[in-house]
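Below, chain A is the first sequence line, B the second, and so on; all start at residue 1. Every heavy atom of this structure was used, including side-chain atoms; hydrogens, water molecules and symmetry mates were not.
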There are 2 protein chains.
Amino acid sequence: MHLVQAGCRNTSRGYSMQNGLDRRLTSITKPKLKADAKPFAAFKHSEAERIRRMRINGQYATLRTILPNLIKMDKASVLAETIRRVRELKKAVEEVEAVCCTVVPGGEDGLSLEYSGGVEEDGQDSGAAGLVFIKVALSLEDRPGLMLELINAVKSVKGAGGVGLIRVVKAEMVTVGGRTKTLLWLQPMPPPASSGSSSGSGDYDGEGVLVMLRRTLRVVLVKK
Amino acid sequence: MHLVQAGCRNTSRGYSMQNGLDRRLTSITKPKLKADAKPFAAFKHSEAERIRRMRINGQYATLRTILPNLIKMDKASVLAETIRRVRELKKAVEEVEAVCCTVVPGGEDGLSLEYSGGVEEDGQDSGAAGLVFIKVALSLEDRPGLMLELINAVKSVKGAGGVGLIRVVKAEMVTVGGRTKTLLWLQPMPPPASSGSSSGSGDYDGEGVLVMLRRTLRVVLVKK
DNA sequence: TTCAACACGTGAGAC
DNA sequence: TGTCTCACGTGTTGA
C-alpha cells in the first residue's frame, strides 16, 4: 500500500532516455519460507511493472526524437502530435502516389481492369474467343497475406461446372509508405471441351467472367 | 494509500474508447471545515489524474484506429508500431519527393545555387557585372519561422562596409508531408558608389558573394 | 500457478 | 498559492 516510495524519482522533466536499472535487490531467489512469499511476490510485481513502464517511456523518448517541432514534450502532447503527423504523412503519400504513380486509371474503388481480345505475348491463343488477357491494377493499404487473398479471389471465379475460369500468369507488387500497388496479369481458361468441337466455345461468356472477377476483387478491396 | 479502490475497473481488454465519467461524487464544493480539506484535496487530485489518464488513453484509442495491421493492441506495441510507421512514411515521402519533385539538382546537403550573369526578367541590369541573379532551391524538414530564418540569413551576407549585398526578389515555399521545398530568387545589390564612376564596380566579387551565401544558408540547413 | 497488461490513488517536483 | 505531470506500488483480471 505504497509503504515504500522508491528512491529514484528522476522527475527532472528532462525527458531523457535513461531511467532506473539502478541499484536494487538484484539476483533474487525464490524464498522457501512461506512468510517471505508475499513480499517476494510484491517485489517481483512492482519490478515487472517498472520494466513495463520503462519500455513504454522508451517509446515516448523515441517519438520525441522523431517528431519535428515538438513544442510540448509531455506524453499527451507527444501522442497528439504523433497522430497529427501520421495522418499528415499518410495523406501526403496518397496524394503524391495519385499524381506520380498512376499506372492504369482506376475507378473510385482503386480497381482497374484492362482486357484485350487479341493474342497474348507468346503468340499462343488461349482458346477463349473475345477475352484472352486481363490486366488488373489496384492500390490499397498493405496487409499481410494480401497477395494470397488476391490469388485466391481470382481462383474463386468459377463457372457452372465448378471449374476455375481464370489463372494468374504474372503478379507484381510494389509497396510505398504502407500502400501497395498490385498488378495482376490474368488469363481466362478455356471452357471444358465436354461437348461440341474442341475449338468451339463461341458462346464463351467473357463479359460474365469480367463482371464476376471485378465483383470478387472488390470484396478483397473493401475488406478491413 | 490505496485505501479506496475505485469500483469501475473496465479491464475488459477490449481497448474501447469509453471509460469513466461514471457515477461519482458530482458537484463537489470546497469544504469550509479544515478537517475535510485533506480528503477533498485527495479526491480532486485523483480525479485530475483520472482525467489525464483518460486523455492519454483516448490518444491510444485513436492510434489503434489509424494504424493498419495491428497485431498486438497493448500500449507498448501500439507505440512501437507507430514509430515504425512514422519512419516508413517519412522515408516514403522523401523518396518520392526525390523522384518526382526535384526542381534543381542540389548537392548532398540539399542546397542548390544557380546564377546567371545576364539580365534579369524585367530587362533591368542590376549593375553588378558577372552576377546579377541567383536562384536558390533547398529542401529540408519544415519548421516554424523557416522563411524568416532564410531571409535573415540572406540579409546577413554583408560586404566590407557592413552593407547588405543581396536582396530577396521572390520566395516560394511548398510543404509536403512535413518537408519544405523552398525557392528563393535573389539579386545581388550593387556595391556603394563611393568612389570612381557610377557604372564601375568591375572589381565586384560575385564569386565571393556566392561563397558567403552558400555558407550562410548551410548554417540554416544544418540547424536543428 | 504464474505472467502480462491495465487502472488506480498517491507523493512529489515543476511552473 | 494551485495545477499539471510523472513515477511508483498495488489490486485485479484474463490467458
As a test of reading the structure: which of [options] is closest to the side chain of [X], going by heavy atoms?
| X | options | value |
| --- | --- | --- |
| B:E49 | D:dG9, C:dA5, D:dC6 | D:dC6 |
| A:R50 | D:dC8, C:dA5, D:dT3 | D:dC8 |
| A:H45 | D:dT5, C:dA7, C:dA5 | C:dA5 |
| A:D74 | C:dC6, C:dA7, D:dT5 | D:dT5 |

Atom of B:M73, atom of B:L70 and distance for their closest heavy-atom approach = SD-CD1, 3.9 Å
Minimal heavy-atom distance between B:R55 and A:A76, with the atoms involved, is NE-CB, 3.9 Å
Residues which pass side chain to side chain donor-acceptor pair (under 3.5 Å) with A:R87, listed by chain and number, not counting sequence neighbours = none
Those residues that, when tested against B:T65, pass side chain to side chain donor-acceptor pair (under 3.5 Å) (two or more places apart) = none
Tell me the interatomic distance from [X], atom [atom1], to [N], atom [atom2], rounded to whole angstroms.
| X | N | atom1 | atom2 | answer |
| --- | --- | --- | --- | --- |
| B:E47 | D:dC4 | CD | P | 13 Å |
| B:Y60 | C:dA5 | OH | C1' | 12 Å |
| A:M54 | D:dG9 | CE | P | 13 Å |
| A:R52 | D:dT12 | CZ | C1' | 13 Å |
| A:Q59 | C:dA5 | CD | P | 12 Å |
| A:I51 | C:dC6 | CD1 | P | 16 Å |
| B:R53 | D:dC6 | CZ | P | 13 Å |
| A:R55 | C:dC6 | CZ | C1' | 13 Å |

Value rounded to 0.5 Å, distance of CG in B:L63 from OG1 in A:T82 | 6.5 Å
Check whether any side-chain N or O of B:K44 sits under 4.0 Å from OP1 or OP2 of D:dT3, and answer yes or no.
-> yes
Can you find a side chain N or O atom of A:N57 that sits less than 4.0 Å from OP1 or OP2 on D:dC6?
-> no
With sugar-phosphate meaning primed atoms plus P, OP1 and OP2, does B:K72 contact a base, only sugar-phosphate, or nothing at under 4.0 Å between heavy atoms?
-> sugar-phosphate
